[in-house]
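What follows is one structure encoded as structure tokens, with my remarks underneath.
Every chain is numbered from 1 and lettered A, B, ... according to where its sequence line falls, protein lines coming before strand lines.
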Amino acid sequence: MGVLIFLGENVFEKEFARESIFIDRDAISPHYLPEKLPFREKQIEEISKLLGVALHGKRPDNLFVYGPTGVGKTATVKHVMQQLQDFAKEKNSKIISTYINCRNHNSKYRAMIKCVNDFYPNNYFVGYSASFVHDKVLDFVRGNEGTLVVVLDEIDKVKDLDDLVYALTRANDELQKGAISIIGISNNLMFKERLDPRTKSSLCEQELVFAPYNASELKAILEQRIAIAFKPNSVENSAINIAAAFAAKESGDARTAVMLLQRAGELAEKNGLQKITDEEVKKAKSKVEEEVILNMVSALPEQEQLVLYAISALTLRKKGIRKITGSADEGALYSGDVYEEYATLAKHFKAEAVTARWYREYINELEMYGLILTTASGAGIRGNTTLIKLGFDAEKIKQVLEKELMQGS
DNA sequence: CCTCCACAGGAAGCGCAGGAGT
DNA sequence: ACTCCTGCGCTTCCTGTGGAGG
């Protein structure tokens with residue numbers, strides 16, 4: 001076995017010497033919590049006004065915060081909580097807050113035990129009964145004789161939310177000293193309407209809505225992050241504009257905008273560039289889109305993957321099938337042909353094919369995801385069928401699915 | 001005009017997994 | 001530990017629909 005020895009230069013020498021355009025990579029990651037939150041002054045004021053009463057020993061109203069993803073809900077609430085904690089510490093006010101992400105703590109019990117573990121960092125509580133945990137929370141508030149603010153992020157993920165809210169609000173009746181307030185955060189606008197009326201009225205004593213950012217706000221947010229994350233003048237102005245415009249058009253979501261620039265930065269660095277230009281942002285954009293598709297496709301159930309695979313295979317093959325030479329539907333496929341292809345493919349992959357009826361449900365679902373486009377067959381085609389077109393590049397989807405289906409079996 | 005084609009999509013029911021109730 | 005119930009994914013069966021073809 002031959003051994004290669006590099007004389008003189010360590011392999012890391014080059015990497016070390018390499019100039020990075022980053023100063024602080026974290027600042028351009030979606031998890032970064034900036035010190036200042038632009039365009040959220042109003043919301044910050046609202047929340048602090050609400051919580052301010054706690055400084056005078058009163059219980060703040062519960063608050064329900066909602067708005068789509070990436071509009072700064074979590075960041076704003078966390079920011080205010082931090083400020084409140086700092087201030088309370090300074091003034092010797094007894095205010096404790098705890099932040100719970102309900103995606104990870106998605107039941108009453110799990111949320112409560114998260115509280116307990118936060119309050120008693122030296123103990124680790126596992127395997128205790130629900131009532132013990134409940135009492136422990138109350139004991140803590142009693143012992144503290146102050147206000148406890150429980151932040152429940154992604155509150156719609158809690159399975160038995162009615163019970164949790166009830167337990168926390170009910171606690172206020174049992175406590176002679178101290179109080180508990182809830183701040184619920186959700187990006188699901190419909191979720192509130194599905195709540196039990198009693199839960200709804202106690203949780204939504206106060207409400208706060210976060211609207212999406214517009215392009216110029218996104219631009220300002222990006223500039224703020226860029227100033228920390230990158231070396232001066234490493235990002236071209238037009239590149240920022242593109243990223244902001246794209247994110248604004250999609251959803252007004254700062255997370256998307258930030259991610260776009262993060263990717264663009266990584267791309268520039270990989271290619272040894274000193275500046276991020278439009279080009280990098282555009283490339284990053286298509287990369288992000290690709291990842292989104294990839295994630296969607298791999299999250300699909302196997303049968304739906306097969307259907308999608310059949311569609312991409314047929315789109316590429318275009319032989320032995322009925323052709324559509326219409327205007328807009330040029331290159332679209334007949335639903336029936338896709339089903340046949342799917343059925344043979346299923347046999348090939350040792351899986352059992354579902355009935356045509358259920359296959360139609362799959363088609364509808366794939367359309368809902370935006371992975372395929374369908375139109376009803378109109379004039380020029382015999383019968384009443386659906387014409388199917390792939391929403392994305394056939395070759396790419398086929399490749400992804402081939403990998404996916406191979407490892408699946 | 002009627003018939004047939006090529007499906008769409010509703011209704012009922014079936015087998016199963018997993019949670020609630022006892 | 002046991003049954004009971006419920007929701008889910010799916011099949012079977014069926015009726016409906018819009019245009020082509022004779």
Side-chain angles (χ1 to χ4, degrees), chain A residues 102-113 127-131 133-134 156-167 188 190-191 193-196 198-199 296-315 317-391 401 404-405 408-409:
Chain A
C102 302
R103 188 201 294 262
N104 308 325
H105 308 274
N106 59 353
S107 70
K108 176 192 166 190
Y109 181 77
R110 286 180 191 175
M112 294 291 253
I113 205 147
Y128 287 90
S129 75
S131 61
V133 173
H134 181 255
D156 48 312
K157 296 289 184 314
V158 180
K159 279 179 269 177
D160 48 356
L161 183 61
D162 292 328
D163 292 345
L164 176 60
V165 171
Y166 181 74
N188 188 341
M190 293 308 297
F191 148 82
E193 306 309 320
R194 288 203 307 268
L195 283 174
D196 181 287
R198 276 163 51 222
T199 311
M296 270 177 75
V297 167
S298 40
L300 249 35
E302 197 181 330
Q303 294 287 342
E304 280 178 42
Q305 290 184 347
L306 271 170
V307 173
L308 201 60
Y309 184 68
I311 296 169
S312 57
L314 276 185
T315 309
R317 176 137 45 87
K318 291 246 161 92
K319 257 190 277 170
I321 41 166
R322 292 167 288 182
K323 283 212 176 119
I324 291 157
T325 45
S327 45
D329 295 318
E330 187 84 47
L333 304 162
Y334 279 82
S335 167
D337 290 341
V338 172
Y339 180 70
E340 254 177 56
E341 177 72 12
Y342 153 75
T344 49
L345 270 172
K347 212 171 274 172
H348 183 262
F349 279 101
K350 65 92 204 177
E352 205 139 328
V354 295
T355 3
R357 179 67 192 87
W358 200 247
Y359 150 80
R360 274 172 232 138
E361 299 292 325
Y362 282 160
I363 290 291
N364 290 338
E365 211 159 298
L366 288 173
E367 148 124 78
M368 279 213 320
Y369 293 143
L371 289 164
I372 59 171
L373 308 165
T374 68
T375 34
S377 67
I381 289 164
R382 192 145 192 252
N384 175 27
T385 183
T386 307
L387 304 178
I388 301 165
K389 250 184 168 174
L390 214 48
L401 282 171
E404 201 64 39
L405 290 165
S409 60

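Rounding to whole angstrom units, CG of residue A:Asn384 and P of B:dG9 are separated by 8 Å. A:Ile381 places its CD1 atom 15 Å from the C1' atom of C:dT17, with the value rounded to the nearest Å. To the nearest angstrom, C1' of C:dC8 lies 15 Å from CD of A:Gln303. Separating the OH atom of A:Tyr359 from the P atom of C:dC10 is a distance of 15 Å, rounded to the nearest angstrom. If you measure from atom CH2 of A:Trp358 to atom P of B:dA11, you get 14 Å, rounded to the nearest angstrom. Spacing between atom OH of A:Tyr362 and atom P of B:dA8 amounts to 16 Å, rounded to whole angstrom units. Atom CD in A:Glu304 sits roughly 14 Å away from atom C1' in C:dC8 (whole-Å rounding). Put simply, CG on A:Leu387 is 13 Å from C1' on B:dA8, counting in whole angstrom units.
When the nearest nucleotides of DNA chain B are assigned to A:Gly336 and A:Arg357 by heavy-atom distance, the more 5′-ward of the two goes with A:Gly336.
At most 12 non-hydrogen atoms from other residues, nucleotides or ligands lie less than 6.0 angstrom from OH of A:Tyr166.
Partner of A:Cys102 under the side chain to side chain contact (heavy atoms under 4.5 Å, CB included) criterion, out of A:Val158, A:Asp156, A:Leu164: A:Val158 alone.
OP1 or OP2 of B:dA8 has at least one side-chain nitrogen or oxygen of A:Thr386 nearer than 4.0 Å.
A:Ser377 comes within 4.0 angstrom of nothing in the nucleic acid, heavy atoms only.
Contact of A:Arg360 with B:dG10 (side chain to base): no donor-acceptor pair of N or O atoms is detected under 3.5 Å.
Ring pair A:Tyr342/A:Tyr359 is parallel by interplanar angle, where below 30° counts as parallel and above 60° as perpendicular.
A distance-only check finds no donor-acceptor pair linking the side chain of A:Glu304 to the backbone of A:Tyr362 [under 3.5 Å].
When each of C:dG19, C:dT12, B:dC7 is scored by its nearest atom to the side-chain atoms of A:Thr355, the top-ranked nucleotide is C:dT12.
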